[in-house]
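The structure displayed is predicted, hence computed values, not measured ones.
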Amino acid sequence: MKEWYDFSNKNFSNYSLDAFYGLGQLYINDERFTKNIDQYGEGLAKLMIEAMKVFTNNQIRGGSNENNN
């Protein structure tokens, strides 16, 4: 997930951890995002938001995700 966070920051915007988690919320709250993401596998949008939630929570708590992409 760190790779996705870094990629998103490099290519789309400068996301804080809260904004990155908010982006993930769009993945499941906006059917256009869900449809686009789920074209790569049904349920991928839900998986992404769960992974983004864990990543941001770990980062906020000071956890290291260097090896947990």
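- Atom-to-atom distance recorded for Met1:CE and Glu50:CD is 10.5 Å, nearest 0.5 angstrom.
- In this structure, CG in Leu23 is found 11.5 Å from OG1 in Thr56, a value given to the nearest 0.5 Å.
- Put simply, the side chain of Phe12 reaches to within 4.5 Å of the side chain of Phe7, judged on heavy atoms.
- Here the CG-CE distance, from Leu26 to Met48, works out to 12.5 Å after rounding to the nearest 0.5 Å.
- Environment of CD in Gln39: crowded, with over 12 heavy atoms of neighbouring residues, nucleotides or ligands closer than 6.0 Å.
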For this session: Could you walk me through whether Leu17 and Tyr5 pass the side chain to side chain contact (heavy atoms under 4.5 Å, CB included) test, one step at a time?
Result: CA-CA 9 Å; Leu17 290 170; Tyr5 178 72; 4.0 Å; yes
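- Between the CD atom of Gln25 and the CZ atom of Phe33 there is a distance of 12.0 Å, given to the nearest 0.5 Å.
- Tested against Lys46, the residues Ile28, Asp38, Ile37 include a single side-chain contact (heavy atoms from CB on, under 4.5 Å) partner, Ile28.
- Between Phe55 and Phe20 there is a side-chain heavy-atom pair separated by less than 4.5 Å.
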